[in-house]
Participant: 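Below is the structure I would like to discuss, written out as structure tokens.
All values derive from a computational prediction rather than experimental measurement. All chains are named by letter (A, B, ...) in the order of the sequence lines, taking the proteins before the strands, and each is independently numbered beginning at 1.
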Protein chains: 2
Amino acid sequence: MDDEDRVFKALADPTRRFLLDRLFERDGRTLSELESELEMTRFGVMKHLRVLEDAGLVVTRRQGREKLHFLNPVPIRQIHNRWIDKYTERQVSALLELKDELEELA
Amino acid sequence: MDDEDRVFKALADPTRRFLLDRLFERDGRTLSELESELEMTRFGVMKHLRVLEDAGLVVTRRQGREKLHFLNPVPIRQIHNRWIDKYTERQVSALLELKDELEELA
DNA sequence: AGGATATGTGACCTTTTGGTCACCTGTCAA
DNA sequence: TTGACAGGTGACCAAAAGGTCACATATCCT
């Protein structure tokens, strides 16, 4: 499995996206901390974090007996660049901003 | 399966990403045209296109007995916005532009 | 009309993936 | 230094996904 494939496979699972959401909110969390927010055993969560790390979506640092997890946004941006060129980017982001404003009014 | 999940699941397969690449290059292609570029039966390709359409990554229009396929970039941009805020976007896109320039020199 | 062309459906099989468990290693602190 | 705590490995099972085929419908063109 190549690097690119790992990123997309990693994003395909809802639990892993939830983990990225938690890290987007605040990074530097430990396995135990992330586990406490999920209805799953530690082993399941560990496996998911491993997949995210192998994909480069999460980077880690050991601190004593703890392992801290950080979100890496670079692969996400690369997905974006693959199918959205500069010109289309302006159109699409304008469209989504408009959509957000309309939803705020409703 | 909710709408968001469908998008990520759709992107998880290399054949489907290849199809998006072809449509990014040029849209409005038919099933037969896309099939001719893949080592797979028509049924396999059709199944993949169906998944992409259900996810909203591809939109279609019937024209006689043909079905034309178009790339929709909106869901891709939404993935981007989920984990990259305005501030981070500037940093990451600058980093990737630098990376591209360096690779051009090498 | 009728054959060729373009797309569609449901059943089926194989491979991959998500999740759990028994068991193990490294680190902290009294 | 010993017990509690944080993280790690490999085997295992059930569920989901990728791919093919027999069969079917709609459209075009002569």
Side-chain angles (χ1 to χ4, degrees), chain A residues 1-23 26-71 75, chain B residues 1-23 26-71 75:
Chain A
M1 182 155 59
D2 65 345
D3 222 62
E4 160 202 308
D5 202 26
R6 271 191 282 274
V7 174
F8 289 102
K9 286 263 165 48
L11 291 173
D13 181 85
T15 301
R16 290 195 287 266
R17 293 195 297 274
F18 176 82
L19 289 168
L20 291 181
D21 289 338
R22 298 280 66 71
L23 294 178
R26 175 172 58 75
D27 349 62
R29 304 197 196 226
T30 65
L31 165 61
S32 310
E33 184 179 355
L34 292 165
E35 175 208 343
S36 70
E37 298 198 53
L38 282 164
E39 301 291 310
M40 192 184 296
T41 63
R42 181 171 57 85
F43 308 98
V45 180
M46 194 168 14
K47 218 167 178 178
H48 284 305
L49 285 171
R50 172 70 184 276
V51 173
L52 289 168
E53 193 176 354
D54 286 348
L57 285 161
V58 163
V59 291
T60 61
R61 202 177 68 222
R62 303 244 14 170
Q63 195 169 65
R65 60 179 161 179
E66 293 182 332
K67 187 173 182 180
L68 308 182
H69 298 76
F70 301 85
L71 175 62
Chain B
M1 182 153 62
D2 64 347
D3 221 63
E4 160 202 308
D5 202 25
R6 270 190 283 271
V7 174
F8 289 103
K9 286 264 165 50
L11 291 173
D13 181 85
T15 301
R16 289 194 288 266
R17 293 195 297 275
F18 176 83
L19 289 168
L20 291 180
D21 288 339
R22 299 280 66 72
L23 295 179
R26 175 171 60 75
D27 322 88
R29 304 197 196 227
T30 65
L31 164 61
S32 308
E33 184 179 354
L34 292 165
E35 174 207 344
S36 68
E37 299 198 51
L38 281 163
E39 301 290 308
M40 191 184 298
T41 62
R42 181 170 57 86
F43 308 99
V45 180
M46 196 168 16
K47 219 167 176 177
H48 285 304
L49 286 171
R50 172 68 185 277
V51 172
L52 289 168
E53 193 176 354
D54 286 349
L57 284 161
V58 163
V59 292
T60 61
R61 202 178 68 221
R62 303 251 6 178
Q63 196 170 64
R65 60 181 161 178
E66 293 182 333
K67 187 173 181 179
L68 308 181
H69 297 78
F70 301 86
L71 175 62

Participant: Measure CE/B/M46 against C1'/D/dG19 and give the value in whole Å, please.
Facilitator: 12 Å

Participant: Between the protein and nucleotides 10-17 of chain C, list the N/O to N/O atom pairs that are separated by less than 3.5 angstrom.
Facilitator:
none

Participant: Is it the case that the side chain of A/R42 and the backbone of A/S32 share a donor-acceptor pair, with hydrogens and angles ignored and the cut-off at 3.5 Å?
Facilitator: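 No, because the side chain of A/R42 does not come within donor-acceptor range (under 3.5 Å) of the backbone of A/S32.
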
Participant: Starting at atom CD of A/E39, determine the distance to atom P of C/dG19, rounded to an integer number of angstrom.
Facilitator: 12 Å

Participant: Could you check whether A/M40 gets within reach of a base, just the sugar-phosphate, or nothing at all, counting any heavy atom under 4.0 Å?
Facilitator: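 Touches sugar-phosphate only.
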
Participant: What do the steps show when you test A/V58 against A/D27 for side chain to side chain contact (heavy atoms under 4.5 Å, CB included), and what is the final call?
Facilitator: CA-CA 10 Å; A/V58 163; A/D27 349 62; over 6 Å; no

Participant: In whole Å, I'd like the distance from the CZ atom of B/R50 to the P atom of D/dA17.
Facilitator: 14 Å

Participant: Residues in side chain to side chain contact (heavy atoms under 4.5 Å, CB included) with B/V51, at least two apart?
Facilitator: B/A10, B/R16

Participant: When you match A/V45 and A/G64 each to their closest nucleotide on DNA chain C, which lands nearer the 5' end?
Facilitator: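 Its nucleotide being nearer the 5' end, the pick is A/V45.
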
Participant: Tell me every residue that passes side-chain hydrogen bond (donor to acceptor under 3.5 Å, both in side chains) with A/R29, counting only those two or more places apart in sequence or in another chain.
Facilitator: A/E25, A/E33, A/E37

Participant: Can you tell me whether the side chain of A/R42 and the base of D/dG8 have a donor-acceptor pair closer than 3.5 Å?
Facilitator: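 Looking at the base of D/dG8, it does pair with a donor or acceptor on the side chain of A/R42 (distance under 3.5 Å).
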
Participant: Below 4.5 Å, heavy atoms only, C-beta onward: do A/L34 and A/L49 meet side chain to side chain?
Facilitator: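 With C-beta onward as the side chain, the pair touches.
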
Participant: Using whole Å, what does the distance between atom C1' of nucleotide D/dA16 and atom CZ of B/F8 come to?
Facilitator: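 Answer to the nearest Å: 19 Å.
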
Participant: The criterion is side chain to side chain contact (heavy atoms under 4.5 Å, CB included); which residues satisfy it with A/E4, sequence neighbours excluded?
Facilitator: A/D2, A/F8, A/R82, B/R17

Participant: At how many degrees, to 10°, do the end axes of the helix from C/dA1-D/dT30 to C/dA30-D/dT1 meet when each uses five pairs?
Facilitator: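 Between the axes fitted at each end of the helix from C/dA1-D/dT30 to C/dA30-D/dT1 lies an angle of 30°.
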
Participant: Identify the two heavy atoms, one from B/P14 and one from A/D5, that lie closest to each other, and give their separation to 0.1 Å.
Facilitator: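 For B/P14 and A/D5, the tightest heavy-atom pair comes out as CD-OD1, 4.1 Å.
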
Participant: Give every pair of a protein N or O atom and an N or O atom of nucleotides 4-6 of chain D that lie under 3.5 Å apart, one pair per line with the distance.
Facilitator:
residue : atom : partner : partner atom : Å
D/dC5   : O2   : A/R65   : NH1          : 3.1

Participant: Please list, chain by chain and in numerical order, all residues satisfying side chain to side chain contact (heavy atoms under 4.5 Å, CB included) with B/A12, sequence neighbours excluded.
Facilitator: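 Checked B/A12 against side chain to side chain contact (heavy atoms under 4.5 Å, CB included); matches are A/A12.
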
Participant: Nearest whole angstrom, please: distance from the P of C/dT7 to the CD of B/E53.
Facilitator: 12 Å

Participant: Nearest whole Å is fine: how far is D/dT9 C1' from A/L49 CG?
Facilitator: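 Rounded to whole Å, this separation is 16 Å.
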
Participant: Taking the side chain of B/R62 as its heavy atoms from C-beta onward, which of C/dT7, C/dT9, D/dC21 lies nearest to it?
Facilitator: C/dT7

Participant: Does the side chain of B/T41 get closer than 4.0 angstrom to OP1 or OP2 of D/dT20 through an N or O atom?
Facilitator: yes

Participant: According to side-chain hydrogen bond (donor to acceptor under 3.5 Å, both in side chains), does anything in residues 60-71 of chain A pair up with another residue at least two apart or in another chain? List the pairs.
Facilitator: A/E53-A/T60, A/E53-A/K67

Participant: For B/M40 and B/V45, work out which heavy atoms get closest and say how close.
Facilitator: SD-N, 3.8 Å

Participant: Is the distance from OP1 or OP2 of D/dG19 to the nearest side-chain N or O of B/H48 less than 4.0 Å?
Facilitator: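 So the side chain of B/H48 is within the cut-off, an N or O lying under 4.0 Å from OP1 or OP2 of D/dG19.
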
Participant: Please report, rounded to the nearest Å, how far the C1' atom of D/dA16 is from the CZ atom of B/R6.
Facilitator: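 Atom-to-atom, B/R6 to D/dA16, this comes out as 16 Å.
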
Participant: Testing the basics here: between A/L57 and A/P75, what is the closest heavy-atom pair and its distance to 0.1 Å?
Facilitator: CD2-CB, 3.9 Å

Participant: Calculate the interatomic distance between B/E35 atom CD and D/dT20 atom P; express it in whole Å.
Facilitator: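 To the nearest whole Å, that distance equals 11 Å.
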
Participant: Could you tell me which residues satisfy salt bridge (charged side-chain N to carboxylate O under 4.0 Å, His left out) with B/R50, sequence neighbours excluded, listed by chain and number?
Facilitator: B/D54

